[in-house]
Amino acid sequence: MRASQFLIATLKESPSDAVVTSHQLMLRAGMIRKLASGLYTWLPLGLRTLRKVEAIIREEMDAANAMEVLMPMVQPSELWEETGRWFQYGGELMRIKDRHNRDFCIGPTAEEVITDLARNELSSYKQLPKNFYQIQTKFRDETRPRFGIMRAREFLMKDAYSFHADQECLNQTYERMHQAYTNIFTRLGLDFRPVDADTGSIGGAKSHEFHVLASSGEDDIAFSDSSDYAANVELAEALAPNFECPAASAELTTLDTPDQHSIEEVSQFLNVDPAQIIKTLIVEGELSEADQKKGIKAPLVALVLRGDHELNELKAEKLDGIASPLAFASEAQILDQLGCKPGSIGPKDLNIEVIVDRSAAVVADFVCGANEDGKHLSGANWQRDITYSRVADIRNVVEGDASPDGQGTLNIKRGIEVGHIFQLGDKYSQALKASVLDENGKARIMQMGCYGIGVSRVVAASIEQNFDERGIIWPKALAPFQISIVQIDAHKSAEVIERSEALYQALRDLNVEVFLDDRDKKTSPGVKFADTELMGFPHRIVMSSRGLKNGIVEYKGRTDEKNDAIELPGDDILDFIKQKLAL
RNA sequence: CGGGGCGUAGCGCAGUUUGGUAGCGCACUUGCCUGGGGGGCAAGGGGUCGCAGGUUCAAAUCCUGCCGCUCCGACCA
């Protein structure tokens, strides 16, 4: 491609609404332009990279025996009503009506459509397993689109769905997909981790998320420093401390703590380490539907944590007796049932169930709320002063915790979720009655797996991991062009033109994606260098009259400090470049 | 959803407090110069100041409503 014919849409300054690196650089390099909130046009440069990601995914999916299909983006409401999701989904589901006033949605995912296909096309266990995938635009009307391509409303996703006669078969495909994903993200040149993940509302079986490690990520990933254990912090188990609760050594005392509510305030006011303070959160208990209908109010439950720990809502709501989704008690409820305001609550003598976190259960001589406004207790101890009904794991793991697999300690880093695989079981196949006949001629509901990759998000995630102050640094696999040839002084040196055109043609003949910067003399060398670096091409050749006079052509890799000289006429330029490009 | 900020040329911004001819930098066009790290000089083109209504002799500026964009938050215990 010639620069003179390409859309070079680089910007010196980045638009003020871009806050993360990938968003800024994608705009500045001229890869994308915003159309509206969460909606982006891919410009020629960006699209080249997007297509590369697609190609790698296709190769690995095909190699794993998945078949590509393409389903409509617009989906009829009937299917969504069959699975119940038409009613469950919130505002994220973009609902539209056609001219006949029939309901449709713009697909945020395609379980309904693929399962409908499967129930119509698959009839025998002999046809299984089958794994279908597509690379298709998805739409989720996010409450808060942000970070550019990273959390856009319209995005490109590879989604795959597998169908099986039994769990064993599903397990095999699941493992095969896990391997395919590992291959894909490795080929994409990303620093990633497969992590144990929450199966969410789908429940049950296995699930792994693939995260690219980057400080701008939206999820916290906990991983062991000495094994391959990795899990979303939401899910990582906080092991029970390996020691018993120390014996009490302090007197129980009531202290005045006027207007000191948060752990931080109490800690400073009393000069006590937050780890010696116990905090008590009040949430709503579980209520049967029958009781709910009778208008019975939900009981309250106290969750007790060490002051320096955070509640893990996911863990808490999974406990028996606690409302799911988790609901914090209102100030009015607390005042009404416990007789004091939040901020002064403690576990002592509460007439409700008290569930204590494993770590909080081994703290002695602690400070906690006194259940009286403006007062806290110090020197409090379990058993002697306060009782509880249950000990459970209800906190988020923190850096330095023991790894749940018993090997090493945990590190925590931010991750960008780029892939997610999970076993759906029969949730959708059951709802849509997708069955095949088994060996005995009996109808059997198929087991399903589903496997997604955020194709457009991968592009942004790669940039988050690979950039410097000059711009993007593409790994070979994603670079829109492998090499640029920068012409300098072309207007007054026929040799520069001759040589660079010859090299351009030679590289094209080798199927190298080469970018010839033949922009006219109004475009200064500095501009050409800056654009090449901003757009992140891995290799650069400079062809100038000065260089040619001295018998050299210059080469520089995107991350190299200095230019390399290719001596003329001795060196063969093409050989040199082929070696650099690893051809 | 809750709270904050911002809408002025393609991009980045000033001007709004205190109403009085709409500006700057980058980008763009033309000419000359320059010619190895985002050039110089000169001359230009480009704006319903987000939209609607109101106050006023006069509104980018003051008032009201709406729309859009954006950031933060959604555990005081």
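Convention: sequence-line order gives letters A, B, ...; per-chain numbering from 1.
Here, C49(B) and A43(B) have their P atoms 28 Å apart, quoted to the whole Å. With both ends at atom C1', the span from C69(B) to G12(B) equals 16 Å, rounded to whole Å. Separation of the P atoms belonging to C24(B) and C67(B) is 35 Å when rounded to the nearest angstrom. Here, U34(B) and G40(B) have their C1' atoms 7 Å apart, quoted to the whole Å. C63(B) and G19(B): their C1' atoms are spaced 13 Å apart (whole Å). For the C1' atoms, the distance linking G23(B) with G15(B) amounts to 7 Å, nearest Å. On the P atoms, G3(B) is 30 Å away from A9(B), given to the nearest whole Å. Rounded to the nearest Å, the gap between the C1' atom of A22(B) and that of A59(B) is 13 Å.
Among the protein residues, Q487(A) comes within range of no part of the nucleic acid, since none of its heavy atoms lies under 4.0 Å from any strand. Note on R540(A): a base of the nucleic acid sits closer than 4.0 angstrom, heavy atoms only.
Contact check for M26(A) versus V459(A): side-chain heavy atoms found under the 4.5 Å cut-off.
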Tabulate protein N/O versus nucleotide N/O from nucleotides 8-10 of chain B, keeping only pairs under 3.5 Å, one per line.
none

Could you run down the sub-3.5 Å N/O contacts of the protein with nucleotides 25-32 of chain B?
unit_1, atom_1, unit_2, atom_2, d
G25(B), N2, E13(A), OE1, 3.1

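At whole-Å resolution of the value, NZ in K562(A) and C1' in G37(B) are 17 Å apart. Summarising the geometry, the separation between CD1 on I488(A) and P on G38(B) is reported as 12 Å, rounded to the nearest angstrom. In this structure, N563(A) atom CG and G37(B) atom P are separated by 12 Å, rounded to whole Å. Whole-Å rounding puts the F529(A) CZ to G35(B) P distance at 16 Å. Residue R519(A) contributes atom CZ, which lies 14 Å from atom P of G38(B) at whole-angstrom precision. Computed from coordinates, the E554(A) CD to G37(B) P distance equals 11 Å when rounded to whole Å.
Judged purely by distance below 3.5 Å, without hydrogens or angles, the side chains of N232(A) and E209(A) pair a donor atom with an acceptor atom.
When both distances must be under 3.5 Å, the Watson-Crick or G-U wobble mate of C6(B) is G68(B). Across all strands shown, G73(B) pairs with C1(B); the Watson-Crick or G-U wobble distances both stay below 3.5 Å. C49(B) is unpaired under the criterion used here, namely a Watson-Crick or G-U wobble arrangement in which both key atom distances are under 3.5 Å. Judged by Watson-Crick or G-U wobble contacts below 3.5 Å, the nucleotide C57(B) has G20(B) as its partner. The pairing partner recorded for U29(B) is A43(B), the criterion being a Watson-Crick or G-U wobble arrangement whose two distances lie under 3.5 angstrom.
Closest approach of F147(A) and S216(A) over heavy atoms only: CE1-O, 4.4 Å.
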Donor-acceptor list for residues 358-366 of chain A side chains, cut-off 3.5 Å, not counting sequence neighbours:
unit_1, atom_1, unit_2, atom_2, d
R358(A), NH1, E237(A), OE2, 3.0
R358(A), NH1, A238(A), O, 2.7
R358(A), NH2, E237(A), OE2, 3.3
S359(A), OG, R395(A), NE, 3.0
S359(A), OG, R395(A), NH2, 3.2
D365(A), OD1, S249(A), N, 3.0
D365(A), OD1, A250(A), N, 3.2
D365(A), OD1, N381(A), ND2, 2.8
D365(A), OD2, S249(A), N, 3.4
D365(A), OD2, S249(A), OG, 2.6

Name the atoms and distances for all side-chain donor-acceptor pairs under 3.5 Å in residues 481-492 of chain A, with sequence neighbours left out.
unit_1, atom_1, unit_2, atom_2, d
Q482(A), NE2, K476(A), O, 3.0
Q487(A), NE2, S500(A), OG, 2.7
D489(A), OD2, S545(A), OG, 2.8

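Residues passing the ring pair (Phe, Tyr, Trp, His ring centres under 6.0 Å) test with W80(A) are Y89(A), sequence neighbours excluded.
In K97(A), the NZ atom is crowded: over 12 heavy atoms of neighbouring residues, nucleotides or ligands sit closer than 6.0 Å.
Using modelled atom types, no side-chain atom of E234(A) and backbone atom of N312(A) make a donor-acceptor pair closer than 3.5 Å. Remark: side-chain polar atoms of S262(A) are paired, donor with acceptor, to backbone N or O of E265(A) under 3.5 angstrom. Counting only distance, with no hydrogens or angles, the side chain of R470(A) and the backbone of A530(A) share no donor-acceptor pair below 3.5 Å.
Note on R519(A) versus D531(A): salt bridge recorded, some NZ/NE/NH1/NH2 to OD/OE distance being below 4.0 Å.
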Once each nucleotide of nucleotides 70-77 of chain B is scored for protein heavy atoms under 4.0 Å, what B/S/- sequence comes out, 5' to 3'? SSBB-BBB
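When each of I566(A), L507(A), N563(A), L516(A) is paired with I541(A), the side-chain contact (heavy atoms from CB on, under 4.5 Å) condition holds for I566(A) and for no other.
Going from atom CG of L305(A) over to atom CD1 of I278(A) covers 8.0 Å, rounded to the nearest 0.5 Å.
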